[in-house]
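Starting from 1, each residue takes its place in the sequence as its number. If you're wondering where the values come from, they're calculated on a predicted model, not measured in any experiment.
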Amino acid sequence: MGVPFEALLPYGIMIGLFGVTGVGLSTIRYYNNNQKRPRWNLDMWERQMMERDQRITGVFRGQSEAVEAPAGFEVNSRWKAETQVL
């Protein structure tokens, strides 16, 4: 005896909704990163450089080719408390 199609309908709905959710989340992340793929496995140096680039350009994933920093860059730094790992 086969499985009636009514039993497969909820599984199709669940798989479809999980797919819609995954595509929506990846699309939101893509547009949140200025149409660039998200970065993975970032260390502290890369995070600091990303914060510096954001302070220079005003955009999270933006980079600048200017040789000198814009006016006021030296006073908008973000001080952080450092912890020393023993």
Side-chain angles (χ1 to χ4, degrees):
M1 182 169 157
V3 178
F5 71 93
E6 292 93 2
L8 298 177
L9 193 59
Y11 291 112
I13 292 172
M14 288 189 304
I15 290 171
L17 290 178
F18 278 123
V20 167
T21 304
V23 168
L25 183 61
S26 66
T27 303
I28 289 172
R29 286 184 179 175
Y30 176 75
Y31 284 111
N32 195 20
N33 281 322
N34 297 331
Q35 290 79 30
K36 297 175 184 161
R37 297 180 68 185
R39 295 178 176 172
W40 298 95
N41 298 329
L42 299 175
D43 60 358
M44 184 57 81
W45 173 258
E46 291 169 337
R47 291 181 196 275
Q48 288 178 349
M49 291 298 104
M50 287 170 55
E51 289 177 7
R52 179 190 64 95
D53 291 341
Q54 184 176 13
R55 288 188 287 129
I56 288 175
T57 62
V59 181
F60 178 69
R61 294 285 301 261
Q63 293 180 348
S64 176
E65 59 187 24
V67 177
E68 296 181 8
F73 179 74
E74 63 275 357
V75 295
N76 71 353
S77 65
R78 294 183 61 192
W79 289 90
K80 299 177 191 154
E82 295 182 12
T83 59
Q84 186 175 12
V85 179
L86 298 175

Student: Which heavy atom of Val23 sits nearest a heavy atom of Thr27, and at what distance?
Tutor: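 Heavy-atom minimum between the residues: O-OG1, 2.7 Å.
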Student: Could you go through Met49 and Arg52, starting from their C-alpha distance and side-chain angles, then the distance that decides it, and tell me whether this counts as side-chain contact (heavy atoms from CB on, under 4.5 Å)?
Tutor: CA-CA 5 Å; Met49 291 298 104; Arg52 179 190 64 95; 3.6 Å; yes
Student: Please report the interatomic distance CZ(Arg61) to CE(Met50), rounded to the nearest 0.5 Å.
Tutor: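 So the CZ of Arg61 and the CE of Met50 are separated by 6.5 Å.
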Student: Can any side-chain N or O of Asn32 pair as donor or acceptor with the backbone N or O of Ile28 at less than 3.5 Å?
Tutor: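 Side chain of Asn32 to backbone of Ile28, a donor-acceptor pair under 3.5 Å: no, none is there.
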Student: Looking at CZ of Arg47 and CG of Leu42, how far apart are the two atoms once the value is rounded to the nearest 0.5 Å?
Tutor: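 Nearest 0.5 Å value for the CZ-CG distance: 5.0 Å.
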Student: Is the number of heavy atoms from other residues, nucleotides or ligands within 6.0 Å of CD (Gln35) greater than 12?
Tutor: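 Counting other residues, nucleotides and ligands, CD of Gln35 exceeds 12 neighbours.
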Student: Show the nearest heavy-atom pair for residues Gly62 and Asp53, with the distance to one decimal.
Tutor: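 Reported closest heavy-atom pair: O-CB, 3.2 Å.
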Student: When you measure from the side chain of Gln48 to the backbone N and O of Trp45, does any donor-acceptor pair fall under 3.5 Å?
Tutor: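 Answer holds: no.
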